[in-house]
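Below, chain A is the first sequence line, B the second, and so on; all start at residue 1.
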2 protein chains.
Amino acid sequence: MSDLDEVRTQLRTAILRGSYAPRQRLIETELAEQYGASRFVIRNALIQLAADGLVELQPNRGARVREISVAEAVEITEIRQAVEGLVARRAAELVTDQQIAELRELGARMEAAVAQGELLRYSELNGVLHSRVREIAGHATASRIIEQLNGQMVRHQFQLSLLPGRPTVSLPEHLAIVDAVCARDPEGAERAMRAHVGSVVGTLATLDTSGHLAK
Amino acid sequence: MSDLDEVRTQLRTAILRGSYAPRQRLIETELAEQYGASRFVIRNALIQLAADGLVELQPNRGARVREISVAEAVEITEIRQAVEGLVARRAAELVTDQQIAELRELGARMEAAVAQGELLRYSELNGVLHSRVREIAGHATASRIIEQLNGQMVRHQFQLSLLPGRPTVSLPEHLAIVDAVCARDPEGAERAMRAHVGSVVGTLATLDTSGHLAK
DNA sequence: GGCGGCAATATTGTCAACAATCTTGCTGAC
DNA sequence: GTCAGCAAGATTGTTGACAATATTGCCGCC
């Protein structure tokens, strides 16, 4: 296992965790010391992270953490709406009996989490549900793109799920997705998924003036 | 302007032109000599191309030109169907009078190219139309993703447009897109675009047994 | 006091050499 | 004749040093 992969994943999770502020300059020598790697390794890791859209790379001017504006977050989520709609449809076509049982259980656990006010748990299950649906659809290209987009959004997503009243809105949407996929109803699954992600777009749009979404 | 960008674009166009066969190993020292750059520059260019999905990078085993199977081409086009549908809808909402005139002229030129049997010209205009619609929609994220996917598909696209009878099918589809966007009909534009790209998916799927699409 | 230009510093870009790893072809035993 | 083990060659991975470029702070001029 080469250093490169290790450092890259470390750097990625550090950025996703918010260890570096948006627009903060990432200086190669600093990172090199911080991660105990040479500048070469850091540099290559940065190039790959730039391709993932996590950092911004300007020639001769180094790397910065890429700042995702609310407008960009909306765009990203709009793409997710289209692509996840396709994925949900495909999942409804291919789902097996065993996967149906798993989805139903997942739905029940999401309901329970909301009922007990465990927001973080619900947020996590939310991610699991989407990822499970992708898995069922078996669409490698779609999965790759959605995961890439999610990577750029982590901070916004996190804040969104903590908005008061948000789970009350999104839980029925999630359950509708589960129902449609389990009913092997492609049309309905696509519709349900589009409706759900569409409501995320709507919620994001209300944050336009930014700022007051933190905390 | 740094060497890196120059070499990267050169390498990219070389791969897109088919100068290197799929699965062919790209040996760093060879490329370095070929492009008159150092291995360092080549290596970084390869990393960036890998991020674009043009080459495959295996640790300690170097880079190969990534081979896109027909199945993968279908997946990629399915994503394009979803995302370009969104783009067409947005374009129909935002199109200006001047852009409408441009689109109509473009449509007329496509008709003329097909009428005169100029397939290459038609194929080129095809690309211009899609790109123009993206521009009108002003959706940066969608554009980025579509362009990334197109980069991985260039060879398949090229072959597709040379299939006998293909223009006869796709020209009306393209004109329907132009009509719907110019009529400022978002629903219709999305439907027309989805229908068009869907027909591309269908055509690709018939090439399943591969091989006989070359030439 | 403000502003343009210059020098000093910080940072990125590139290189050539060396180390680590993989691949390939040979050798010899069974 | 075949296969395991080994050695030689090829290729990638990494390093430290140096060059090129950008940024910053200072100085003198207006």
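For B/L31 and D/dA10, the CG to P distance is 17 Å, given to the nearest whole Å. At whole-Å resolution of the value, CD in A/E33 and P in D/dT15 are 14 Å apart. Note: CZ (A/R39) to C1' (C/dT14) measures 10 Å, nearest angstrom. Computed from coordinates, the B/L57 CG to D/dT12 P distance equals 10 Å when rounded to whole Å. Atom pair A/N44:CG and C/dT14:C1' shows a separation of 13 Å (rounding to whole Å applied). Note: CD1 (B/I42) to C1' (C/dA16) measures 16 Å, nearest angstrom. Across the protein-nucleic acid pair, B/I47 atom CD1 and D/dG13 atom P stand 9 Å apart, rounded to whole Å. Separating the CG atom of A/L26 from the C1' atom of C/dT11 is a distance of 13 Å, rounded to the nearest angstrom.
B/R25 has no side-chain polar atom (N or O) that falls below the 4.0 Å cut-off from OP1 or OP2 of D/dT11. An OP1 or OP2 oxygen of D/dT14 is reached within less than 4.0 angstrom by no side-chain nitrogen or oxygen of A/S38.
When distances run from any side-chain atom of A/N60 to the nucleotides D/dT11, D/dG13, D/dT21, the shortest one goes to D/dT21.
Under a cut-off of 6.0 angstrom, the local environment of CD in A/Q58 is crowded, with over 12 non-hydrogen atoms contributed by other residues, nucleotides or ligands. Other residues, nucleotides and ligands place no more than 12 heavy atoms under 6.0 Å from the CZ atom of B/R17.
As judged by a 4.0 angstrom heavy-atom cut-off over every strand, B/L46 is placed among residues making no nucleic acid contact.
A search for side chain to side chain donor-acceptor pair (under 3.5 Å) contacts involving B/Q48 returns B/R8, not counting sequence neighbours.
Checked for salt-bridge contact, A/R144 and B/E75 miss the test: no charged N lies under 4.0 Å from a carboxylate O. Using a cutoff of 4.0 Å between basic side-chain nitrogens and carboxylate oxygens, B/E105 and B/R132 are not scored as salt-bridged.
Place B/I27 and B/F40 on DNA chain D by their nearest nucleotides, and B/I27 ends up nearer the 5' end.
A donor and an acceptor atom never sit less than 3.5 Å apart when one is taken from the side chain of B/R61 and the other from the base of D/dG13.
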